Amino acid sequence: MAGEPGAAQNDDLRLADSLRAGDVIALTEVYDTYAPFLFDYCHGLLRDRVEASGALRNVVIAAREHVDRLTEPARLRGWLYAIARKECMRRRDSPNRHTGQEAPEAEDELTPEQLARREERRLLAHSALAALNGRQREAIDLSVRHELDEVDLSGIFGMPLEETLALAQQAREDLAAALHAALIAQNHWKDCPSVAALTESWPLSPQTSTALVRHVENCPVCGARETPPLPPDRLLSVLPIAAIPADLRLDVLTAATAEDRAGNRRAIAAWTEPFDEYGWPLPYQPTAPRARDRAPGKRRAPLLAAVAVGVGVLVLFGGGMAWLGGGDDGTNAAATGPVTPGGSTPPGGSTAPEPIPTDPSSPTSPTASPSASKSPSKSPSPSASESSSKPPSSRPPAPPTTSAPTPPKPGTLSVSGCDMGRNDSCTVTVTAVGGYVNWQVTGTSGPVSAGGSGHLDAGQSGGVRVSRASGFCWGRQTGTVMFSSGRSATVTYRC
């Protein structure tokens with residue numbers, strides 16, 4: 001997602017100073033520079049384009065209201081991610097959150113053969129990532145795809161720098177082991193009966209991936225087998241990127257600057273509080289504030305010492321095999337796996353101004369059907385010297401004046417793979433969960449063929465007939481049927 005390092009390294013400092021000066025043009029540039037990446041991150045945490053759009057809107061508003069708190073303006077980008085994570089955690093905690101409307105994937109100009117190879121690599125990535133916990137996946141995603149360093153991650157997660165360094169190192173070690181096991185399962189399953197028994201379906205589930213890692217560590221045959229190294233940035237590059245809605249830009253910039261929405265901005269800004277002494281938002285707390293085990297001042301080491309330690313940790317990025325992710329475990333949790341944007345968009349998605357918020361987690365009004373957009377490149381920001389920060393504001397949220405309209409409730413598509421055995425075909429089951437679904441088979445990979453489309457009401461199921469490829473084959477064969485929602489079903493047969 002990020003580009004090559006260069007002049008863009010100075011953008012954070014320049015844009016932060018311009019925002020502090022109240023430059024409206026700078027706010028537009030902040031959106032154009034960071035919004036596509038922040039939207040993809042929010043979508044990975046929330047799995048819904050309506051919620052992700054609302055979260056991004058609030059991030060831009062909160063950033064403009066609180067930028068004077070940031071004592072390290074050269075870390076503006078990481079600070080924006082910290083605000084985004086806190087906003088997403090609020091929305092995840094809401095019982096009224098909007099669900100079931102994932103964003104489509106940003107389009108790539110690839111040939112059918114390239115798409116098939118990318119799908120195979122994605123299945124491998126998901127199988128390896130399944131062995132990691134959610135916090136590890138999110139840390140790898142932020143450090144590799146979004147190019148944030150451990151000092152930024154410390155502020156985003158609200159963790160001491162020492163714990164952040166340990167998290168990053170352990171995540172890479174665990175991912176290297178998981179990728180090694182997944183490659184063995186993909187390419188050498190015939191050599192070990194235990195691996196063949198564990199990998200009847202593909203991609204691997206978290207339980208299977210974890211069991212496979214343990215088996216490879218203790219199996220003399222699998223443990224001695226070498227697999228090709230795969231750098232984290234190359235592996236992460238195959239994961240889908242959620243396409244930011246094209247009309248969201250005007251909606252966000254209007255909400256952040258219109259005079260008649262000043263009360264709304266004050267309420268949104270209050271949700272981001274409190275801040276630590278560096279001006280970074282403290283992690284979201286789902287319950288009433290209580291005494292903390294450690295003072296905020298101990299959460300992040302002084303910046304100069306942090307950068308000195310972080311330089312040594314950069315060695316972790318370049319060596320060995322690592323893989324991508326997103327997610328979290330426990331309190332302040334993030335998504336449980338890498339995002340897979342899907343295609344079906346229900347009707348009625350027109351953009352409307354958001355009302356005065358009454359709940360930090362309440363969804364914002366839906367935007368029009370998104371379109372894919374090219375994401376601008378960015379690179380890690382340089383460090384800056386430390387200075388003093390302002391105390392947190394104690395302004396209460398503005399009182400509500402209206403309530404958010406009830407968004408449409410489409411469903412999500414659930415798919416189940418099938419095994420032909422030695423027959424010529426089998427049926428993949430598709431089910432609408434939580435609302436209606438319009439579905440379509442968008443392609444296949446591997447030695448199988450399928451097609452079809454349709455409409456399912458909530459709870460209704462249907463079937464897609466999948467046929468094996470003709471011609472000579474040997475052993476166990478695996479293929480994939482892909483659907484417009486971003487879901488895919490694994491199909492197997494034996495020759």
Side-chain angles (χ1 to χ4, degrees), residues 8-23 26-27 29-31 33-34 37-38 41 58-87 89 142-143 146-165 256 265-266 268-285 289 292 294-311 313 332 378-395:
Q9 290 180 328
N10 297 319
D11 282 351
D12 284 4
L13 180 59
R14 177 178 60 82
L15 291 176
D17 289 342
S18 297
L19 282 178
R20 285 174 170 173
D23 187 351
L27 187 67
E29 194 172 355
V30 165
Y31 182 92
T33 303
Y34 304 123
F37 309 102
L38 289 167
Y41 176 61
N58 290 356
V59 169
V60 174
I61 291 172
R64 191 186 188 199
E65 297 291 319
H66 291 300
V67 68
D68 58 340
R69 297 180 183 272
L70 183 60
T71 64
E72 304 156 12
R75 292 194 173 272
L76 174 66
R77 184 160 59 93
W79 183 71
L80 291 173
Y81 277 85
I83 296 175
R85 192 176 199 275
K86 189 169 188 177
E87 174 66 19
M89 293 306 105
L142 287 170
S143 63
H146 298 273
E147 291 191 344
L148 298 169
D149 62 23
E150 275 77 4
V151 179
D152 287 328
L153 265 61
S154 174
I156 292 170
F157 290 135
M159 296 168 55
L161 182 61
E162 296 79 5
E163 293 182 17
T164 307
L165 297 175
R265 290 194 291 271
R266 285 193 295 270
I268 292 171
W271 297 342
T272 314
E273 299 170 351
F275 293 80
D276 69 5
E277 77 280 15
Y278 295 93
W280 288 63
L282 294 177
Y284 168 68
Q285 296 293 335
R292 302 181 186 278
R294 56 179 178 267
K298 298 181 181 179
R299 197 188 72 180
R300 300 170 69 227
L303 180 61
L304 294 179
V307 172
V309 178
V311 169
V313 176
N332 220 8
K378 67 180 190 308
S379 59
S381 60
S383 60
S385 60
E386 178 182 340
S387 59
S388 61
S389 61
K390 293 175 57 178
S393 170
S394 59
R395 294 175 300 185

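FYI, side chains are in, hydrogens and waters are out, and symmetry mates aren't considered; it's all heavy atoms of this structure. The structure displayed is predicted, hence computed values, not measured ones.
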Item to check | Student check: side-chain heavy atoms of Y284 and R85 closer than 4.5 Å | outcome: no

Checklist entry - So, the side chain of R77 versus the backbone of D11: is there a donor-acceptor pair under 3.5 Å, distance only? => result no

Checklist entry - Could you state the interatomic distance from CD1 (I83) to CG (N58), rounded to the nearest 0.5 Å? => result 10.5 Å

Checklist outcome for this item: Interatomic distance, CD@E87 vs CD1@I61, rounded to 0.5 Å, equals 9.5 Å

Checklist entry - Rounded to the nearest 0.5 Å, how far does CG of D17 lie from CG of D12? => result 10.5 Å

Checklist entry - How close do P160 and S154 get, heavy atom to heavy atom, and via which atoms? => result C-OG, 3.9 Å

Checklist entry - Does the distance from a Lys or Arg side-chain N to an Asp or Glu carboxylate O, for D149 and R75, drop under 4.0 Å? => result yes

Checklist entry - Do L148 and Y81 touch side chain to side chain, with heavy atoms closer than 4.5 Å? => result yes

Checklist outcome for this item: Taken to the nearest 0.5 Å, the spacing of L80 CG from L76 CG works out to 4.5 Å

Checklist outcome for this item: Output for pair (T71 OG1, D276 CG), nearest 0.5 Å, gives 8.0 Å

Checklist outcome for this item: d(K86 NZ, F275 CZ) to nearest 0.5 Å is 6.5 Å

Checklist entry - Tell me, do W79 and E72 make a side-chain contact under 4.5 Å, heavy atoms counted? => result no

Item to check | Residues forming a side chain to side chain contact (heavy atoms under 4.5 Å, CB included) with A82, sequence neighbours excluded | outcome: I156, W280, P281

Checklist entry - Is any side-chain heavy atom of V59 closer than 4.5 Å to a side-chain heavy atom of Y34? => result no

Checklist entry - Would you say R20's side chain and V67's backbone share a donor-acceptor pair under 3.5 angstrom? => result yes

Checklist entry - Between the side chain of R64 and the main-chain N/O of L27, is any donor-acceptor distance below 3.5 Å? => result no

Checklist outcome for this item: Heavy-atom closest pair (A26 atom, L15 atom, distance to 0.1 Å) is O-CD2, 4.2 Å

Next on the checklist: Are the side chains of Y41 and L142 in contact, using a 4.5 Å heavy-atom criterion?
Outcome noted: yes

